[in-house]
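Below, all heavy atoms of this structure are taken into account, side chains as well, without hydrogens, waters or symmetry copies. The sequence lines fix the lettering, A, B, ..., with proteins before strands; numbering per chain opens at 1.
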Number of protein chains: 2
Amino acid sequence: MAKTDDPNPDSHPQGGTVPGTDGDRRAQLVDAAVDHVAAHGIADVSLRRLGAAIGVSHRMLIHYFGSKEQLLVEIVRTSERRRRELLSQLRLEPGLSSVEAARRLWHRLTDPGLAGQERLFFELCGQALRGRPEAVPVLDGLVSDWLEPLVAAETAAGADPVSARNRARFGLATVRGLLLDLLATGDRAGVDAALEEFLRLYYGPE
Amino acid sequence: MAKTDDPNPDSHPQGGTVPGTDGDRRAQLVDAAVDHVAAHGIADVSLRRLGAAIGVSHRMLIHYFGSKEQLLVEIVRTSERRRRELLSQLRLEPGLSSVEAARRLWHRLTDPGLAGQERLFFELCGQALRGRPEAVPVLDGLVSDWLEPLVAAETAAGADPVSARNRARFGLATVRGLLLDLLATGDRAGVDAALEEFLRLYYGPE
DNA sequence: TCGCGAGTGTACCGAGTGGTACATGCCGGA
DNA sequence: TCCGGCATGTACCACTCGGTACACTCGCGA
């Protein structure tokens, strides 16, 4: 009856938060997988190619993750976690004016070293909008994750709650759109100039 | 030497602009293909599934387009053409204030009937950023196509050329970001409110 | 020293892919 | 009436895919 050869087959340890010996290898593999996927895309990845790229056989990926589907889920989850960590680093430095804080945030977001991660983000958006199951979780945090700190910043700057939320959502959309523009055109100067135009309107001329 | 059986094999007529009997069938097929792809995604389409969905055998798709690759190119091109036609319909009606024109444009863009097309657009963006060859042309028109009419509108409203370009690029990015927000969250009211916030800042309170 | 279990590689399977070869049916002109 | 060319279907090919079966090699406890 058993579909596999082993009565306790390929346990693909749930690693996750456990830093045990199992989870080590698992976490190491998923980290390498995310790096590869950020560099080469996730759309047409295959277990064999991915395995060859990160130095294991596709058999091992099945062993550790159970199936390709679960490996992709893990990759998306880890990529989301990285993005979240990036977001948490973007705490506002107290002495800074809002516009200057926004400017620094933009420059951190557009660091060329993050380009792969950003491209992966947009790629996952596209797939998530199509309902590809492992990518759908991206949609959940797409707006809400970023809205919360932005709204907090707006209210701290004295906006009433409703207008704070609207302003935050508007600002997030603009930054996203400019990021896509930058990735698509590579026109750093042009996009930076458009951002300055945005900042001037958003935070007033001063 | 010939790889195919026929000395004049599967001519996959270049149809294109020619409305002859060949191009008719070809154009009809590519139209149906775009519809299907807009509804079900382009990422994992196969000739067999696509053929079954639009009522031909995969053999016929190869016959008319030569290869899957060329069919995808044709699909992207046609989808781009549709988008361009949509854009050309969005002429400013003379008697309208700028803000009201922008509001109408937004409502047309977010027509639920266009959701499939918009999703396809973002899906293609994701693939194009990865360098998938048939999707790359999307990147070319991504900014420039829209910038031109927007810049024209800005200069007509009295902005100097440099600021017109920056404003247009900024506005385009915001609308794109809000569109992605809407597709991802479905929160029509929230996104509309954010758009109103944008319009208030962009065109002044008046 | 033995054995056992975890980790790993290799070979394989069925399914699905893009693409090809060939047969068949159909229609218009001689 | 016949015939040639086009459209289309069916069967097939080589290949890759995700996933499985099994053999092998270690290290470690008894």
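With hydrogens and angles ignored, the 3.5 Å screen pairs a side-chain donor or acceptor of A:Thr155 with a backbone N or O of A:Val151.
Atom pair B:Leu29:CG and D:dA7:C1' shows a separation of 12 Å (rounding to whole Å applied). Between B:Arg49 atom CZ and C:dG19 atom P there is a gap of 15 Å when expressed in whole angstrom units. Spacing between atom CG of B:Leu61 and atom C1' of D:dT8 amounts to 12 Å, rounded to whole angstrom units. Atom P of nucleotide D:dT8 and atom CD1 of B:Ile54 are separated by 11 Å, given to the nearest angstrom. Distance A:Met60 CE to C:dA6 P: 13 Å, rounded to the nearest Å.
A heavy atom lying under 4.0 Å from DNA chain D marks the following residues of residues 33-48 of chain B, by number: B:Arg48.
Contact between the side-chain N/O atoms of B:Ser57 and the OP1/OP2 oxygens of D:dT8 is not found at any separation under 4.0 Å. For D:dA21, neither phosphate oxygen OP1 nor OP2 lies less than 4.0 angstrom from any side-chain nitrogen or oxygen of A:Arg59. Residue B:Arg25 places no side-chain N or O under 4.0 Å from the OP1 or OP2 atom of D:dC6.
By the side-chain contact (heavy atoms from CB on, under 4.5 Å) test, B:His40 pairs with B:His36, sequence neighbours left out. Qualifying side-chain hydrogen bond (donor to acceptor under 3.5 Å, both in side chains) partners for A:Ser46, counting only residues two or more places apart in sequence or in other chains: none. With sequence neighbours left out, B:Arg77 forms a side-chain hydrogen bond (donor to acceptor under 3.5 Å, both in side chains) with no residue at all. Evaluation of the side-chain hydrogen bond (donor to acceptor under 3.5 Å, both in side chains) rule for B:Arg167 yields B:Glu154 as partners, not counting sequence neighbours. Every ring pair (Phe, Tyr, Trp, His ring centres under 6.0 Å) that A:Phe198 has, sequence neighbours left out, goes to A:Phe170, A:Tyr202, B:Phe170.
For B:His63, the side-chain atoms get nearest to D:dT8 when compared with the rest of C:dT8, D:dC17, D:dT8. The listed nucleotides are C:dG19, C:dG9, D:dT8; the one nearest the side chain of B:Ile62 is C:dG19. Among the nucleotides D:dT20, D:dT10, D:dA7, the one closest to any side-chain atom of B:Tyr64 is D:dA7.
You'll find a donor-acceptor pair under 3.5 Å spanning the side chain of B:His58 and the base of C:dG19, going by distance alone.
Between the side chains of B:Thr110 and B:Arg188, at least one donor N or O lies within less than 3.5 Å of an accepting N or O.
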